[in-house]
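Down below is the structure, laid out as structure tokens.
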2 protein chains.
Amino acid sequence: MTAGSKADGAPKRVPLADQLRAELATGRFAPGQRLVEADLTERFQASRTRVREALQHLAAEGYVEHLPNRGSRVRRLSRRDVRQIYELREVVEGLAARRAALGIGDPDLRHGLHALWAEMEMAARTGDVARYLPLNTRLHDRLIRADGSVYLQAAAERLRVPILRLQFEVLMTTPNLQLSHDQHAEILSAIEAGHGEGAEIAMRKHLRSSFEAVWALPDELFDR
Amino acid sequence: MTAGSKADGAPKRVPLADQLRAELATGRFAPGQRLVEADLTERFQASRTRVREALQHLAAEGYVEHLPNRGSRVRRLSRRDVRQIYELREVVEGLAARRAALGIGDPDLRHGLHALWAEMEMAARTGDVARYLPLNTRLHDRLIRADGSVYLQAAAERLRVPILRLQFEVLMTTPNLQLSHDQHAEILSAIEAGHGEGAEIAMRKHLRSSFEAVWALPDELFDR
DNA sequence: CTCCCCCGGATTGTCTGACAATCTTGTATG
DNA sequence: CATACAAGATTGTCAGACAATCCGGGGGAG
């Protein structure tokens with residue numbers, strides 16, 4: 001996977017931001033942890049120029065917070081943040097679900113969702129959280145992309161990714177996986193039926209439920 | 001410690017991105033125009049480092065589009081973009097209006113809206129488009145901020161700003177100013193009454209109407 | 001005359017090294 | 001025990017350089 005050295009195509013562009021983002025998404029860095037430029041230059045064998053560029057990107061995306069003259073750190077969310085994020089997610093992803101239902105005529109979408117659903121069934125039956133969470137992400141991703149709106153996609157992504165870590169905690173520490181799975185079923189069912197209104201309602205219900213589960217997490221996981 | 005030291009006007013730390021953004025918002029640059037780094041370094045008397053940083057920021061915000069190895073240019077919107085943007089704006093700003101209505105208890109908000117409204121009345125009566133548009137912007141801004149959600153604010157801003165130029169065309173070339181003004185009245189009326197549902201509906205109606213007006217603009221103003 | 005290839009200029013992507021500005025922290029001082 | 005100061009760490013910005021890439025145009029082949 002790493003640097004395709006000689007034979008294969010040049011290492012071309014592996015934007016540093018992508019690597020960092022991937023590590024952040026999987027929780028490799030602790031929230032609140034400082035991201036010192038000098039450390040990153042060594043860790044990734046890149047110049048400070050590129051490290052700073054990557055950090056700016058991630059800050060713009062909300063993964064990282066940047067304080068003037070004080071550097072960057074992995075974003076920590078307060079309960080207030082979480083509430084505001086979910087409030088917005090409800091309308092944004094609600095719209096996405098509605099649009100996906102209206103666009104279910106597209107075979108690509110239909111098959112994609114079907115395949116995804118099969119995998120999720122597997123993971124849910126075995127209660128395999130580590131496998132379910134990425135599938136969950138991919139499902140929401142697929143729905144967000146269904147409409148082909150880069151704006152919808154960008155807005156939704158910015159809201160979804162920062163709370164991935166908390167979502168992981170939720171699925172880990174409670175029997176919420178099955179509940180979440182049932183709600184996904186409801187959403188997909190409405191979408192497959194081409195029922196936009198129902199899909200939106202189901203999605204909003206799902207997100208509100210997800211919010212409540214996150215809200216119930218212990219204080220240590222939040223900022224402030 | 002408001003102003004600079006002695007002879008104000010000294011190079012204070014005004015982020016380059018802010019200057020550029022302001023110029024873009026007022027349409028000083030033509031859409032599609034290339035933004036060559038070397039030109040900007042001279043124009044703003046800044047190093048390429050800072051110019052590139054600013055461009056990245058603006059690209060992340062959607063004001064500017066950046067093509068690898070081909071530089072940056074002022075973003076041009078296609079009709080497709082406009083449709084997608086308005087679709088999202090409807091739910092995002094609809095939420096903002098609803099929240100503003102629920103938070104109308106705050107005197108700051110109430111007075112702020114009142115003062116704004118008075119100014120807008122003036123501008124509308126005289127048909128002064130150049131004065132109305134900024135007020136329109138400030139009104140939407142105020143509503144978006146009412147809830148104090150940075151996420152809502154960021155999402156809405158990213159959607160609103162790219163179409164400012166088109167909106168200006170709309171208000172200029174048609175008698176739509178009065179129509180828009182009436183719709184603003186409807187929105188504010190619902191908000192002042194603390195009627196969240198009504199505020200959201202009025203806002204969505206307003207945006208749909210605005211979209212139709214933009215859509216009717218001639219092809220030359222769109223990309224592709 | 002038209003098409004295609006290649007060249008040089010223009011521009012971007014990245015690196016290096018440097019230095020000032022600013023924040024942080026440990027320590028001496030009252 | 002609070003405070004001020006000095007040293008160290010880190011970020012912000014700069015200039016200059018060079019490779020990579022793109023763009024437009026000139027020449028040559030057909």
Side-chain angles (χ1 to χ4, degrees), chain A residues 2-21 24 29-76 223, chain B residues 1-21 24 29-76:
Chain A
T2 39
S5 311
K6 38 188 192 157
D8 106 30
K12 278 249 173 167
R13 308 187 62 250
V14 184
L16 199 48
D18 291 346
Q19 292 184 56
L20 249 177
R21 194 185 302 110
L24 289 172
F29 290 99
Q33 179 178 341
R34 286 196 60 186
L35 297 171
V36 178
E37 295 174 3
D39 295 347
L40 298 177
T41 59
E42 187 181 0
R43 193 175 201 295
F44 292 106
Q45 289 296 302
S47 68
R48 203 147 80 90
T49 304
R50 284 212 307 161
V51 167
R52 283 178 65 86
E53 178 192 315
L55 287 175
Q56 283 176 221
H57 261 257
L58 297 177
E61 293 172 11
Y63 291 73
V64 158
E65 68 181 332
H66 183 93
L67 301 94
N69 291 310
R70 284 204 251 166
S72 311
R73 54 184 57 217
V74 181
R75 185 89 181 284
R76 289 197 75 187
D223 190 39
Chain B
M1 57 183 258
T2 34
S5 23
K6 36 197 111 176
D8 193 307
K12 8 184 184 192
R13 286 280 77 86
V14 178
L16 198 47
D18 291 345
Q19 291 184 57
L20 250 176
R21 194 186 302 110
L24 290 171
F29 291 99
Q33 180 178 342
R34 284 196 61 186
L35 298 171
V36 179
E37 295 174 4
D39 296 346
L40 298 177
T41 59
E42 187 180 359
R43 195 177 200 295
F44 292 106
Q45 289 296 303
S47 67
R48 206 147 79 89
T49 305
R50 281 213 305 161
V51 168
R52 283 179 64 85
E53 179 192 314
L55 287 175
Q56 282 176 222
H57 261 257
L58 296 177
E61 293 171 11
Y63 291 72
V64 158
E65 68 181 333
H66 185 93
L67 301 92
N69 290 314
R70 283 205 249 167
S72 310
R73 52 184 58 218
V74 181
R75 185 88 181 285
R76 290 196 76 186

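Numbers restart at 1 for each chain; the letters A, B, ... are given by sequence-line order, proteins then strands. Nothing here was measured: the structure is a model prediction, and the numbers come from that model.
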Considering only heavy atoms, which members of residues 32-42 of chain B lie under 4.0 Å from some atom of DNA chain C?
B:Arg34, B:Leu35, B:Val36, B:Glu37
Taken in chain and number order and not counting sequence neighbours, the residues that satisfy side-chain contact (heavy atoms from CB on, under 4.5 Å) with A:Ser47 are A:Thr49, A:Arg50
Rounded to the nearest 0.5 Å, what separates atom CZ in B:Phe44 from atom CG in B:Leu20?
4.0 Å
Residues forming a salt bridge (charged side-chain N to carboxylate O under 4.0 Å, His left out) with A:Arg34, sequence neighbours excluded:
none
Could you give the distance from CG (B:Leu35) to CZ (B:Arg43), rounded to the nearest 0.5 Å?
9.5 Å
Could you state the interatomic distance from NE2 (A:His66) to CZ (A:Arg75), rounded to the nearest 0.5 Å?
14.0 Å
Which ones in residues 65-73 of chain A lie close to DNA chain D, meaning a heavy atom under 4.0 Å from one of its atoms?
A:His66, A:Pro68, A:Asn69, A:Gly71
In whole Å, what is the span from the CD atom of B:Glu53 to the P atom of C:dT14?
16 Å
What is the distance from atom CD of A:Glu53 to atom CG of A:Leu58, rounded to the nearest 0.5 Å?
10.5 Å
With rounding to the nearest 0.5 angstrom, report the OG to CD distance, B:Ser72 to B:Gln56.
8.5 Å
Distances for protein N or O near nucleotides 15-19 of chain C N or O, under 3.5 Å:
residue : atom : partner : partner atom : Å
C:dC15  : OP2  : A:Ser47 : OG           : 2.3
C:dC15  : OP2  : A:Arg50 : NE           : 3.4
C:dC15  : O5'  : A:Ser47 : OG           : 3.4
C:dA18  : N6   : A:Arg48 : NH2          : 3.3

Can you see which heavy atom on B:Ala60 is nearest to which on A:Ala60, and at what distance?
CB-CB, 3.7 Å
Axis deviation across the helix from C:dC1-D:dG30 to C:dG30-D:dC1, five-pair ends, to the nearest 10°
10°
What pairs of residues pass the salt bridge (Lys or Arg N to Asp or Glu O under 4.0 Å) test when at least one of them lies in residues 61-73 of chain A, not counting sequence neighbours?
A:Arg21-A:Glu61
Please find the pair of heavy atoms, one from A:Ala46 and one from A:Leu16, that lie closest to each other, and give the distance.
CB-CD2, 3.9 Å
Side chain to side chain contact (heavy atoms under 4.5 Å, CB included) evaluation trace for A:Leu40 with A:Leu55
CA-CA 10 Å; A:Leu40 298 177; A:Leu55 287 175; 4.0 Å; yes
Could you pull out all residues at least two apart from B:Glu42 that satisfy side-chain hydrogen bond (donor to acceptor under 3.5 Å, both in side chains)?
none
Salt bridge (charged side-chain N to carboxylate O under 4.0 Å, His left out) partners for B:Arg76, two or more places apart
B:Asp223
note: B:Leu55, atom CG; C:dT12, atom C1'; distance rounded to Å ~ 11 Å
